[in-house]
There are 2 protein chains.
Amino acid sequence: MAVDRKRFIIEAATKSFTLFGYKATTMDQVAKLASVGKGTIYTFFKNKEELFEDIMITLIQEMKQAAESVVQETNSFQENVHLALFEMLQFRTKHQLAVKLFQEEKEMGTPAVSEAVRKMENAIVGYITNQVSAAIDRNEIKQCDPEIAAFIMMKLYVTLVVDWERRGNALSKEEIAQLFELYVFEGLAI
Amino acid sequence: MAVDRKRFIIEAATKSFTLFGYKATTMDQVAKLASVGKGTIYTFFKNKEELFEDIMITLIQEMKQAAESVVQETNSFQENVHLALFEMLQFRTKHQLAVKLFQEEKEMGTPAVSEAVRKMENAIVGYITNQVSAAIDRNEIKQCDPEIAAFIMMKLYVTLVVDWERRGNALSKEEIAQLFELYVFEGLAI
DNA sequence: TAAATGACCAATTTATTATTATGGTCAAAA
DNA sequence: TTTTGACCATAATAATAAATTGGTCATTTA
């Protein structure tokens with residue numbers, strides 16, 4: 001193969017999804033951007049949705065890597081969970097494609113995009129679930145259902161980072177860490 | 001005044017909002033249902049939105065009463081918070097007007113309805129905030145920001161009652177109470 | 001001759017116009 | 001003085017026309 005057409009197509013589609021979103025990205029546009037005939041796209045991908053899913057797999061991998069880059073063996077479980085969750089939620093607001101997709105999901109509810117957002121959420125919960133399971137095995141925390149725990153932790157972070165901000169002034173990273181520790185680890189009981 | 005026209009209007013509007021939602025309820029319809037000329041409505045209410053707000057105040061009062069009906073002096077704080085939150089979230093899924101409004105908010109995003117839903121949420125948080133403040137004064141729980149605590153508790157309940165159900169099988173009232181106690185009061189720390 | 005292409009098509013989306021319905025007013029009636 | 005419903009400007013909806021788009025496939029290319 002003289003030129004890596006598949007790579008060109010993926011790069012062009014990523015650019016276009018990032019700039020215009022899923023719905024407003026046309027296959028003609030991707031073909032033009034990739035300097036490729038439209039038919040060529042369909043020799044690599046069954047349809048637009050599959051092309052999008054391929055790109056989403058990469059995005060989710062990047063998000064996982066972002067989490068892994070801040071998690072450290074030597075840290076305590078709660079420190080690592082805090083860092084990982086904060087990093088992944090941050091990723092969703094910093095990575096341009098993720099931002100565009102969340103916007104499109106909220107404003108238009110494009111089905112393929114809703115599914116993609118769901119998969120990102122599952123990736124976060126899945127990653128934290130593993131951390132929780134490991135922490136239980138190491139006897140760092142109480143016995144509990146790891147998936148429910150991970151789900152609650154993620155939702156608590158969204159509550160603290162996103163929902164509370166909507167009600168007034170945002171919480172700092174340190175305040176969030178403190179609240180997380182208070183409610184999930186220490187508890188309100190005296 | 002021969003007949004209580006205002007009462008008739010409110011009853012007719014409540015029926016219509018419950019049956020058809022805010023958007024699909026017409027002032028002509030309300031007037032007909034109330035056996036009143038359309039102009040009469042505007043002698044009691046400035047416009048459709050104010051009529052709706054009047055009815056919402058009643059709905060929120062009812063929700064508060066539902067919470068108060070299950071809260072008891074002799075109960076512990078966490079028991080009362082559990083009962084109150086469960087009751088109010090239940091109220092939102094049982095009271096027909098509330099159900100209709102949540103549906104309309106989700107499907108159409110009617111601004112007046114979004115505002116109403118926001119007020120219901122504030123009412124719940126406000127009620128729990130008071131409970132938390134009182135519990136701190138009684139030294140039943142640790143010192144903490146009562147509003148953030150109430151907000152987190154409400155969100156945790158929505159997570160457990162609504163969000164987790166969407167991921168698979170629902171949790172029972174007892175499981176929810178246990179999880180609530182584990183995460184908010186006891187904590188995961190060993 | 002296998003890979004690449006873009007004109008083409010059915011189906012959907014968007015733009016345009018016509019029609020209806022609705023919130024709110026106010027002169028007349030009760 | 002209170003109540004009313006015909007009336008109106010505006011907004012929502014329906015109907016129709018025009019443009020766009022995802023996907024195909026016969027033809028071209030290397």
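When reading the values below, keep in mind they use all heavy atoms of this one structure, side chains included, and skip hydrogens, waters and symmetry mates. In the text below, chain A, chain B and the rest are named by the order of the sequence lines, each starting its count at 1. The shown structure was predicted, so the numbers you read here are calculated from the model rather than taken from an experiment.
Ion pairing between a basic and an acidic side chain is recognised when a charged N comes within 4.0 Å of a carboxylate O; A/Glu121 and A/Arg118 show no such pairing.
Relative orientation of the B/Phe52 and B/Phe17 rings is perpendicular, given thresholds of 30° and 60° on the angle between their planes.
Rounded to whole angstrom, the span from the CG atom of B/Asn47 across to the C1' atom of C/dT22 amounts to 14 Å. In this structure, A/Asp28 atom CG and D/dA19 atom P are separated by 17 Å, rounded to whole Å. Protein atom CZ of B/Phe20 is 12 Å distant from nucleotide atom P of C/dT22, rounded to whole Å. Atom OH of B/Tyr42 and atom C1' of C/dA27 are 18 Å apart (whole Å). In this structure, B/Glu50 places its CD atom 13 Å from C1' of C/dG24, rounding to the nearest Å. Atom CD of B/Gln29 is separated from atom P of D/dG5 by 17 Å (rounded to the nearest Å). The interatomic distance linking B/Lys6 (NZ) with D/dT3 (P) rounds to 12 Å, in whole Å. Across the protein-nucleic acid pair, B/Phe45 atom CZ and D/dT2 atom P stand 16 Å apart, rounded to whole Å.
Both B/Ser35 and B/Met108 lie near DNA chain D, and the one whose nearest nucleotide falls closer to the 5' end is B/Ser35.
Relative to the ring axis of A/Phe91, A/Lys64 does not place its NZ or CZ within 45° and under 6.0 Å from the centre.
Closest to the A/Thr40 side chain, of the nucleotides C/dT13, C/dT5, C/dG23, is C/dT5. When distances run from any side-chain atom of A/Val36 to the nucleotides D/dT4, C/dG23, C/dT5, the shortest one goes to C/dT5.
Using a 4.0 Å heavy-atom criterion, one finds that A/Lys32 contacts no nucleic acid atom at all. Within the nucleic acid shown, A/Lys23 comes within 4.0 Å of sugar-phosphate atoms alone, with no base atom in reach, counting heavy atoms only.
OP1 or OP2 of D/dT21 has not a single side-chain nitrogen or oxygen of A/Thr26 nearer than 4.0 Å. Between B/Lys38 and C/dC26 there is no side-chain polar atom (N or O) within less than 4.0 angstrom of OP1 or OP2. One finds no side-chain N or O of A/Thr43 lying less than 4.0 angstrom from the OP1 or OP2 phosphate oxygen of C/dA3. For C/dA4, the OP1/OP2 oxygens have a side-chain nitrogen or oxygen of A/Arg5 closer than 4.0 Å. Note on B/Lys48: a side-chain N or O is less than 4.0 Å away from OP1 or OP2 of C/dG23.
Although no hydrogens or angles enter the test, the distance criterion places a donor-acceptor pair under 3.5 Å between the side chain of B/Thr25 and the main chain of B/Ser16.
Side-chain contact check for A/Lys155 versus A/Phe151: some heavy-atom pair is nearer than 4.5 Å.
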